[in-house]
Each structure stands twice: as C-alpha cells, then as structure tokens.
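Note that the numbering runs from 1 along the sequence shown for the chain.
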Amino acid sequence: MDQTTPAKASPAPVREKLITPAYVWSFLSSFLMFFAFYLLLPILPMYLADQFQAGKSLVGIILSSYTITALLIRPFAGYLVDSLPRKLLLVLCYTLFVAFFGGYMLAATVLWFSVLRALHGMAFGLVTISNSTVAVDVMPSSRRNEGIGYYALSTNIAMAIGPMGALYLYDIFGNYQYIFLTSFLTGVAGIGCVLMIRTPKRQPVKREALSFDRFFLVKGLPCAWLLTLLSFSYGILTTYVAIYGAEEVGLGSGTGFFFIIMAIGLVLSRLTAAPLMNRGQLTKAVWIGILIMLGSYALFIFLKTALFFYLSALLLGIAYGYVCPAFQAMFINLAHHNQRGTANSTYYISWDLGIGVGVLVGGQIADIANYTASYIAGLILVGIGLIGFRMYVASYYQRNKLR
C-alpha cells in the first residue's frame, strides 16, 4: 500500500517590524515639534491683546499669517524633500523652526512680533514636510497605513495637550514668557530626537523636468479641497475655544481640561480606526470620522453646558483621530514613491489652508457677531464636506489609488 508524504505547509510570511528605534525617534521628534507649536496657540490671542492691545481682527490677521506663509512654502518644501538628502534637510529645518521661539521672547512691538510669526510659519512649513516624510521612509512598506495611523498620534496628542499645557502654565505663573521658554526648550529636545534617527539609504534621485505636479499632487486635489473644509472648524476650535468657553459657555476656568479630554478621544480613536487602516479601508475611516465630527460640533455649539462642552471634546478627538491619518495615507497612496514629499506637502497644504482661513474668517465673524456664529460657519462646511465625500471623493480615491 502506497503511502504519500503529506506536503509541508509553506511558512507564514514574516511580518515586518514597525516599532523600530528610527520610528520611535521620528514619533518623538514629531510630538515635540507639534507640542511646541500648539503650546502657543491658545495664549497668543490673549498675549497680543494684553501686551499690544490688539483687537480681534488684528489678532486674526497676525495668527493667520503663520499659516499663510507655511502654506506658501509647502509646495517648495515637498520638492526639496524629494530632491535633497532628507536627514540633513530635516536637521536644518528643525533647528530653524526652534530658533524662532527664542525670538518671541525678544519681540518688543506688534510689528516685530508679526514679522517673526510670519517667518516662523515658513520654518514650520519646511520642518513638518521633512519630518513626516522621513517618518514614512523608516516604516516598512507592508505596514505603512498602520504606521501612519500610529505616527499621527504624535500630532494628535500634541495638538490636544499642548493648548492645555499652555493654559495650565498661565494659570500657575501668569507670565507668557514662561510659555515661550517652554516651547523653545521642547524644540531643543526635538532636535536631539532628530539627530538619533537612522534613515535608510535612498537610491540616487533621477532629475526630472520641473512641473506643477512636483510641487502639488494634482491627483490629490479632490481630497485636498475636502480636507480644507474639515480643517476650517479646527482652526477656530483650537484658537478661540478658551475665549468661547469663558464668554459663551460660562466656564470661568477649566477650559484647558477640554484639550485633555480631546487627547483621550484621539487615543481611543486608534483602537477602532487602526484595524480599518490596516485593512486599507481608508474611505470608511474618513466617513465615520466626518459623521462623528458633525455631531460633535452640533453638541459643542447648541448645547452650551459644561457637560456637553467636554463631551464634544471627547467626540472631536475621536473624529479627528479617524480623519487625519486616513487622509494622509490616502495622499501617499495616490502618489508614486518619488513623490512622497509632494504627497505629504499636499496633505499639509490642505490642512493649513483650512486652519488659516478658519482663524482669519472666524475672528472676523466673531468681531461682527460672536464665536457661536463662527462655529456655525464651520459646522456648515463640515456638512458640505460630508456630502462631497459621499458623492465624489471616496469613489475618486478608490479609482485612482496606486496601492
């Protein structure tokens, strides 16, 4: 009786390692960079009003100049990141970004502060593209969607606890200079993290003829306009939430707690959004995030009690935790590998444009009416974004993604 030898099962494919020292240092450098940035965001309107007696409209113009200059430099930043040694460029850009925090402590006039703020925006535009592209470089390709999702937590957590930290420091010391100094020292620590990143060796870059697509990912335009609509409300939220909580919700103190709860929501979003991103279901993650965002802003605007103020913070954290990393992965998946910097640049251009317009227009609306009216404008744009994503953007991405 013949006996057949059972075929040996083929070994399971080895799962590439995501959490490497380079990935951890990239994560920390991103967190410290954005923490230093967001630390200043809620106190700058108060600082400009107290130190220079600036009105709401002027405050909006000064603060939006940061985003406008970052927006203007980003297309060139993407091109530089795709063309030059990325690690060296990152170290130089990060150092320049940190130096401006020291300049704020020396600004004696509103004009000098305005110039510094605008130039700082250019440095921010360069460093964010450099840092995020280096981070994508150190991720294994098979786990890139997952890696981007967890990497986005560095930004999400920083943009939640940074403003809270600023308000906490101000409550303790009542001195803006301590907050500027904290941002500067945080940035110095970030430079140390950047120096520890070991980047993979890149193949020589093939010099291609200059075209618009080297500065802005044309294929990502439908995603770009939609992300801009969604970030408009976020610009108003992070900049004016302390004033809104005090003037229109009636919270005499404790608005800094809003950002702690928002950070919790961002972390919680990873538990449910990560499996979707791991399976490549990016459009589903965005759809869920926008729905939660719409409901969260409605609670925040129309139910002005402490309970719903803080509940909306939790839900908004979850919403942006879904939307932001999914959109970044979508831009990268629409681009060729030699356009990775351009893809990241386009993502940040879209995000910054919405925030900048939100800060500027939100301040103008508040000057005419109140901050509730500003947030209602943002809510309407989120609703438009929901319709646009459902009717066009999701299907466009599925048809045009490269991976």
Side-chain angles (χ1 to χ4, degrees), residues 78 132 136 139 141-153 155-156 213 216-235 265-266 268-298 315-337 339-340 342-355 357-358 378-403:
S132 60
V136 174
M139 299 175 195
S141 58
S142 64
R143 302 185 68 183
R144 189 165 291 142
N145 285 347
E146 180 184 3
I148 290 172
Y150 288 115
Y151 175 79
L153 277 177
T155 305
N156 297 151
D213 203 40
F216 185 90
L217 187 66
V218 176
K219 280 179 63 178
L221 187 59
C223 296
W225 75 260
L226 190 116
L227 183 60
T228 299
L229 293 181
L230 301 180
S231 63
F232 178 94
S233 298
Y234 190 81
L266 289 161
L268 289 176
S269 71
R270 290 294 86 219
L271 302 178
T272 50
L276 291 176
M277 294 190 65
N278 296 350
R279 295 193 296 268
Q281 296 177 318
L282 302 179
T283 56
K284 186 175 181 179
V286 171
W287 173 249
I288 293 172
I290 298 176
L291 284 173
I292 297 172
M293 194 182 300
L294 196 65
S296 305
Y297 276 117
L315 295 175
L316 284 167
I318 293 172
Y320 283 105
Y322 270 83
V323 167
C324 294
F327 259 112
Q328 187 171 14
M330 286 168 66
F331 279 107
I332 291 172
N333 289 343
L334 287 168
H336 295 286
H337 292 302
Q339 290 182 298
R340 194 172 290 164
T342 304
N344 275 319
S345 171
T346 306
Y347 167 77
Y348 282 108
I349 287 171
S350 311
W351 180 255
D352 285 349
L353 179 60
I355 288 182
V357 175
L379 178 65
I380 292 170
L381 292 185
V382 172
I384 295 172
L386 181 70
I387 296 170
F389 186 78
R390 182 71 173 180
M391 295 183 65
Y392 177 66
V393 175
S395 59
Y396 173 87
Y397 168 76
Q398 295 294 349
R399 291 194 307 270
N400 290 278
K401 65 181 181 178
L402 300 179
R403 61 191 72 87

Atom [atom1] of [X] and atom [atom2] of [Y]: how far apart are they, to the nearest 0.5 Å?
X: Cys223; Y: Phe331; atom1: SG; atom2: CZ; result: 5.0 Å
X: Ser296; Y: Ile290; atom1: OG; atom2: CD1; result: 12.5 Å
X: Ile349; Y: Leu227; atom1: CD1; atom2: CG; result: 11.5 Å
X: Met330; Y: Leu226; atom1: CE; atom2: CG; result: 8.5 Å
X: Cys324; Y: Gln328; atom1: SG; atom2: CD; result: 9.0 Å
X: Leu386; Y: Leu381; atom1: CG; atom2: CG; result: 12.5 Å

Is a side-chain N or O of [X] found less than 3.5 angstrom from the main chain of [Y], in a donor-acceptor match?
X: Thr346; Y: Leu217; value: yes
X: Thr228; Y: Ser350; value: yes
X: Lys219; Y: Leu334; value: yes

Subject >> CA sep, side-chain torsions, deciding dist, call: Tyr322, Leu276, side-chain contact (heavy atoms from CB on, under 4.5 Å) >> reply: CA-CA 10 Å; Tyr322 270 83; Leu276 291 176; 4.0 Å; yes

Would you check if [X] and [Y] make a side-chain contact, meaning some heavy-atom pair closer than 4.5 Å?
X: Val136; Y: Tyr151; value: no
X: Met293; Y: Ser233; value: no
X: Tyr234; Y: Leu316; value: no
X: Val382; Y: Phe232; value: no
X: Tyr397; Y: Pro222; value: no
X: Leu294; Y: Leu379; value: yes
X: Lys401; Y: Leu282; value: no
X: Trp225; Y: Val393; value: yes

Taking every non-hydrogen atom, the tightest pair across [X] and [Y]:
X: Ala285; Y: Ala326; result: CB-CB, 4.1 Å
X: Ala319; Y: Gly289; result: CB-O, 3.4 Å
X: Met277; Y: Ala329; result: CE-CB, 4.1 Å

Original post:
Between the side chains of Ser269 and Tyr320, does any donor sit under 3.5 Å from an acceptor?
Top reply: no

**OP:** Using the side-chain contact (heavy atoms from CB on, under 4.5 Å) rule, take Tyr348 and Ser132 through it: C-alpha gap first, then chi angles, then the decisive distance, then the call.
**Re:** CA-CA 10 Å; Tyr348 282 108; Ser132 60; 3.5 Å; yes

Original post:
So Thr272 and Ile288, side-chain contact (heavy atoms from CB on, under 4.5 Å) or not? Walk me through it.
Top reply: CA-CA 11 Å; Thr272 50; Ile288 293 172; over 6 Å; no

